[in-house]
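Chain A is the first sequence line, chain B the second, and so forth, proteins listed ahead of strands; every chain is numbered from 1.
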2 protein chains.
Amino acid sequence: MPSQHGYALLGMLSLHPMSGYDLKELIDRSIRYFWKEGYGQIYPTLKALEAESLVMREVEHHAGRPDRFVYHLTEQGWEALRAWLMQPTFTITPTRHELLLKLYFGRHASAATLLPQVEQYRAIHEHLLQQYNAIEGHLLHDHPEYAADVPYWVLTLHHGQQICRAMILWCDETAQMLRASQDPA
Amino acid sequence: MPSQHGYALLGMLSLHPMSGYDLKELIDRSIRYFWKEGYGQIYPTLKALEAESLVMREVEHHAGRPDRFVYHLTEQGWEALRAWLMQPTFTITPTRHELLLKLYFGRHASAATLLPQVEQYRAIHEHLLQQYNAIEGHLLHDHPEYAADVPYWVLTLHHGQQICRAMILWCDETAQMLRASQDPA
DNA sequence: GTTCGCATGTAAAGAGTTACATGATTGT
DNA sequence: ACAATCATGTAACTCTTTACATGCGAAC
């Protein structure tokens, strides 16, 4: 039974066979908004997946280049991926939100010090939203060979967009409240 | 310079002096939606805060009860809290979202297996939203002595509410897409 | 000749969670 | 008697991140 990291790699390898290096690159260009992996995670995980016969490695030699170990899913790997997709998902509530923590104790700060932090939070989500929108616009054009996958990828983009929009609204409301609290009126 | 945990405890102690046990209890009843601490974190952190003279402990003896170590902020503690509130916030993007990971590879699963997972995600947020609403309704009534803090606490509730509403919308849209994909039509 | 990109990995440090240890009182 | 609550802490463990090690080729 692979770990969550294992399933992430199995999923990525379902797109096409890849090396550990490629996996890192692709993850950073695709699912990075909700999933990150480093080499320190990828290489040992690939080894474990191979030991479980869920992936197979093949060596590619290139003259005057480092060898590449290209991994592809085995039939058992496909099976494990499908089995995982069917399992109920443990939703981990992401705890630890520093800005909320600060706002919770906001009474002891001035609006002038809190407002920029809220504005920055807003800017981050505004920027993210534009990134999501841009990606959505190019998705089909950039990856015509994955047309069957694109609708699913769009779902994950919409998730991010919804959150960004919600956060922008919240920032505006929060900024208004903070401004009102400092208003002498 | 305290850690993030340290600031969370300083903030809590700004409400009123407390023991480590009380801190855990109060955190679990107030900021648990965006901040969690266990005893394994609280007690060592209190020790560190005391070593930095940001808090002071006083011993309370109770006949036939364990001693209580009640901590309160020192003047330096108040200063550290205010200084932290002014610092720019490092927004940590919470990475690792298993449901999105599954949906990303959703092509290899049937809508029938993905839909319940989306529905469960929706139910969680629906439930959370109702909790937030209930808390908001009782907040002032339950804590009249913290009337000056309540507006800030409400801000953090609204944050949660916005996210829940966004997620409910997203789930509905996602469910619709999944149903359409399995429709023979 | 120095840096950047390809390519694979290991080791150590840091953070976080969970389980355990203790011990008294109060309620069932 | 037995479980639960109050109360403080430690130890172990896992999980994650970061830094390091290596080496070649191509570009600047």
Checklist entry - Has the side chain of S19(B) got a donor or acceptor atom that lies under 3.5 Å from a matching backbone atom of F69(B)? => result no

Next on the checklist: If you take the centroid of each ring, where Trp contributes its six-membered ring, are F105(B) and Y7(A) closer together than 6.0 Å?
Outcome noted: no

Checklist entry - Parallel, tilted or perpendicular: which describes the rings of Y121(B) and H125(B), with under 30° parallel and over 60° perpendicular? => result perpendicular

Item to check | Under-4.0 Å side-chain N/O to phosphate OP1/OP2 contact, H5(A) with dT16(D) | outcome: yes

Checklist entry - Heavy atom of residues 31-59 of chain A under 4.0 Å from DNA chain C: which residues? => result Y39(A), G40(A), Y43(A), K47(A), R57(A)

Item to check | Set of residues satisfying side-chain hydrogen bond (donor to acceptor under 3.5 Å, both in side chains) with respect to R107(B), sequence neighbours excluded | outcome: D149(A)

Checklist entry - For the pair made of CD in Q4(A) and C1' in dT16(D), what is the distance, rounded to whole Å? => result 13 Å

Item to check | Test item: Q87(A) and K102(B) side chains (from C-beta on) under 4.5 Å apart, heavy atoms | outcome: yes

Checklist entry - Separation of L9(B) atom CG from dG9(D) atom P, in whole Å? => result 13 Å

Checklist entry - Which residues within residues 22-30 of chain A lie with some heavy atom under 4.0 Å of an atom in DNA chain D? => result none

Item to check | Ring centers of H97(A), H159(B) separated by less than 6.0 Å | outcome: yes

Checklist entry - Can the ring centres of Y104(B) and W35(A) be said to be less than 6.0 Å apart? => result no

Next on the checklist: Looking at R96(B), I'd like to know whether one of its side-chain N or O atoms comes within less than 4.0 Å of OP1 or OP2 on dT16(D).
Outcome noted: yes

Item to check | For atom CD of E98(A) and atom P of dA15(C), their distance in whole Å | outcome: 14 Å

Checklist entry - Are OP1 or OP2 of dC6(C) and a side-chain N or O of Y21(A) less than 4.0 angstrom apart? => result yes

Next on the checklist: Please check: side-chain N/O of H143(A) versus main-chain N/O of Y146(A), any donor-acceptor pairing under 3.5 Å?
Outcome noted: no

Item to check | Atom-to-atom span, OH of Y71(A) to C1' of dA7(C) - whole angstrom | outcome: 12 Å

